[in-house]
Each structure stands twice: as C-alpha cells, then as structure tokens.
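Basis for what follows: all heavy atoms, side chains included, without hydrogens, waters or symmetry-related copies.
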Amino acid sequence: MDEVYRIKFMERLEGIKEEKKRGLYHSLASSLYFTVFTYMQAYIGEAPQGKWKHGAITKPFSKVCYEKGLYNSETLKKFVANYEKLYTFRLYADYKRHIFTDKEKEELDSLYKFFLEVFRYG
C-alpha cells in the first residue's frame, strides 16, 4: 500500500465518521466518495498519465485486489457498483441544487456501512 495515499485515506476516513455522526449528508456524500477514491489510489499508486480519472480507477484497483487476494470477484463487483452509486450522490451533493431525501439518506447510510466494512479487510 502506498504510504502517502494510506495517510490521506486514514485522514479522510476520520472525517467521514464525524460527518456521519453529525448527520451532514451532503458533506458525507462528497467526502465518502473521495475516501473511497483515495483508498483505491493507496492500492494502485500513481496513475500512468499523472492522475487517475474517476471512472477509470476501478479497473486497475479491481485487478490489483483480485491478484493479491484481498477481495473476491463478487465483493469487487459490488465495490465498483457502489462506487458508481456514490459518484452520483457526490455529483448531487457538489453540483446540483438538491437536498437529499430520507430515502437517499438511507441509501447513503447503506453505502457508508458497506465501505467501512470493506475497508476493514483491505
């Protein structure tokens, strides 16, 4: 694991726990997304072209995790699907004139729980 990105990931992880505890869902959506993004960077390191594109990072991450035996293929598929859902939430949180509904907050809670569980095994 890349030490610099691991440190950044750990800082972001602490931040999302506080946002979740305080019920700051718009901040949580954005911060959780970048926490997951940084987590993937920690495993795959620097991008070949200088920076990872948000949609392109999952393939090399999945490959590295599968090869190292960190996660099985089913978990990786769910990870990628949940990351894509989280990206949509992040867009709404950061760029749209939108307030999350109770149903959306429940889905964010579910994504939060999923990723915290995945982080425990990585």
Side-chain angles (χ1 to χ4, degrees):
M1 183 178 266
D2 182 284
E3 184 63 13
V4 171
Y5 288 116
R6 187 192 70 77
I7 290 168
K8 289 180 177 186
F9 161 72
M10 296 303 291
E11 287 180 9
R12 289 182 187 277
L13 185 58
E14 289 306 309
I16 63 169
K17 288 177 181 178
E18 184 62 28
E19 290 168 345
K20 173 71 170 88
K21 185 168 72 174
R22 294 180 56 204
L24 304 173
Y25 281 93
H26 297 91
S27 294
L28 177 63
S30 185
S31 297
L32 179 57
Y33 172 81
F34 283 108
T35 301
V36 175
F37 188 84
T38 305
Y39 179 78
M40 289 189 283
Q41 285 179 303
Y43 277 98
I44 58 179
E46 292 294 321
Q49 269 71 44
K51 70 177 186 174
W52 290 105
K53 297 199 184 222
H54 295 279
I57 195 169
T58 57
K59 191 171 186 175
F61 172 76
S62 295
K63 183 178 184 228
V64 166
C65 287
Y66 188 76
E67 289 172 352
K68 290 184 176 186
L70 294 171
Y71 304 112
N72 62 37
S73 60
E74 184 179 314
T75 300
L76 287 169
K77 285 178 188 174
K78 191 170 182 181
F79 184 103
V80 171
N82 283 342
Y83 174 73
E84 290 170 0
K85 288 179 191 175
L86 192 53
Y87 180 73
T88 300
F89 277 108
R90 184 221 159 212
L91 292 177
Y92 274 91
D94 292 341
Y95 300 113
K96 304 287 183 185
R97 189 174 182 275
H98 179 78
I99 299 295
F100 290 134
T101 64
D102 288 342
K103 183 177 179 182
E104 290 168 326
K105 289 176 183 179
E106 287 175 14
E107 191 168 353
L108 273 168
D109 286 340
S110 178
L111 292 169
Y112 174 84
K113 288 175 189 171
F114 170 81
F115 284 112
L116 254 56
E117 187 66 22
V118 169
F119 296 156
R120 289 182 52 208
Y121 295 101

**Asked** Within a radius of less than 6.0 Å around CD of E3, do more than 12 heavy atoms belonging to other residues, nucleotides or ligands occur?
**Response** yes
**Message:** Tell me whether L13 shares a hydrophobic cluster with M1, the cluster being built from Ile, Leu, Val, Met, Phe, Trp, Tyr side chains joined at under 4.5 Å.
**Reply:** yes
**Asked** What heavy-atom pair brings D94 and S30 nearest, and what distance separates the two atoms?
**Response** OD2-OG, 2.9 Å
**Message:** Between E11 and K8, is the salt bridge (charged side-chain N to carboxylate O under 4.0 Å, His left out) condition met? List the steps.
**Reply:** CA-CA 5 Å; E11 287 180 9; K8 289 180 177 186; over 6 Å; no
**Gap separating the CG atom of L91 from the CG atom of L86, nearest 0.5 angstrom** = 10.0 Å
**Reported NE2-to-OH distance for the pair H26 and Y92, which is rounded to 0.5 angstrom** = 11.5 Å
**Asked** Can you find a side-chain donor-acceptor pair between Y33 and Y83 that sits under 3.5 Å?
**Response** yes
**Prompt:** Can you hop from V36 to Y5 via hydrophobic side chains spaced under 4.5 Å?
**Reply:** no
**Fill in**
So OG of S73 and NZ of K78: to nearest 0.5 Å the spacing works out to 13.5 Å
**Message:** Nearest 0.5 Å, please: how far is CZ in R90 from OH in Y87?
**Reply:** 6.0 Å
**Request:** Check the pair E14 / K17 against side chain to side chain contact (heavy atoms under 4.5 Å, CB included), numbers first and verdict last.
**Result:** CA-CA 5 Å; E14 289 306 309; K17 288 177 181 178; 3.7 Å; yes
**Prompt:** Is L28 reachable from I99 through a run of hydrophobic residues whose side-chain heavy atoms are each under 4.5 Å from the next?
**Reply:** no
**Item:** Intermediate values then yes/no, salt bridge (charged side-chain N to carboxylate O under 4.0 Å, His left out), E107 and K103
**Value:** CA-CA 6 Å; E107 191 168 353; K103 183 177 179 182; over 6 Å; no
**Prompt:** Can you tell me how far the OG1 atom of T58 sits from the CD atom of E84, to the nearest 0.5 Å?
**Reply:** 6.5 Å
**Item:** Criterion salt bridge (charged side-chain N to carboxylate O under 4.0 Å, His left out) on R120 and E117, from CA distance to verdict
**Value:** CA-CA 5 Å; R120 289 182 52 208; E117 187 66 22; 3.1 Å; yes
**Request:** Consider only side-chain heavy atoms of I, L, V, M, F, W and Y, link residues closer than 4.5 Å, and tell whether W52 and F115 are in one cluster.
**Result:** yes
**Non-hydrogen side-chain atoms of M10 and F119 separated by less than 4.5 Å** = no
**Request:** Might you point out which heavy atoms bring H54 and I57 nearest each other, and give the distance in Å?
**Result:** O-CG2, 3.5 Å
**Prompt:** Going by heavy atoms in the side chains, are Y25 and K20 under 4.5 Å from each other?
**Reply:** yes
**Item:** Side chain to side chain, F61 and L76, heavy atoms closer than 4.5 Å
**Value:** yes
**Request:** For R12 and F34, work out which heavy atoms get closest and say how close.
**Result:** NH1-CB, 3.4 Å
**Prompt:** Once you round to the nearest 0.5 Å, how far does CZ of F100 lie from CZ of F89?
**Reply:** 6.0 Å
**Prompt:** Quick check, are the ring centers of Y39 and Y43 under 6.0 angstrom apart?
**Reply:** yes
**Message:** Applying a strict under-4.5 Å side-chain criterion to I, L, V, M, F, W and Y, I'd like to know whether Y71 and M40 cluster together.
**Reply:** yes
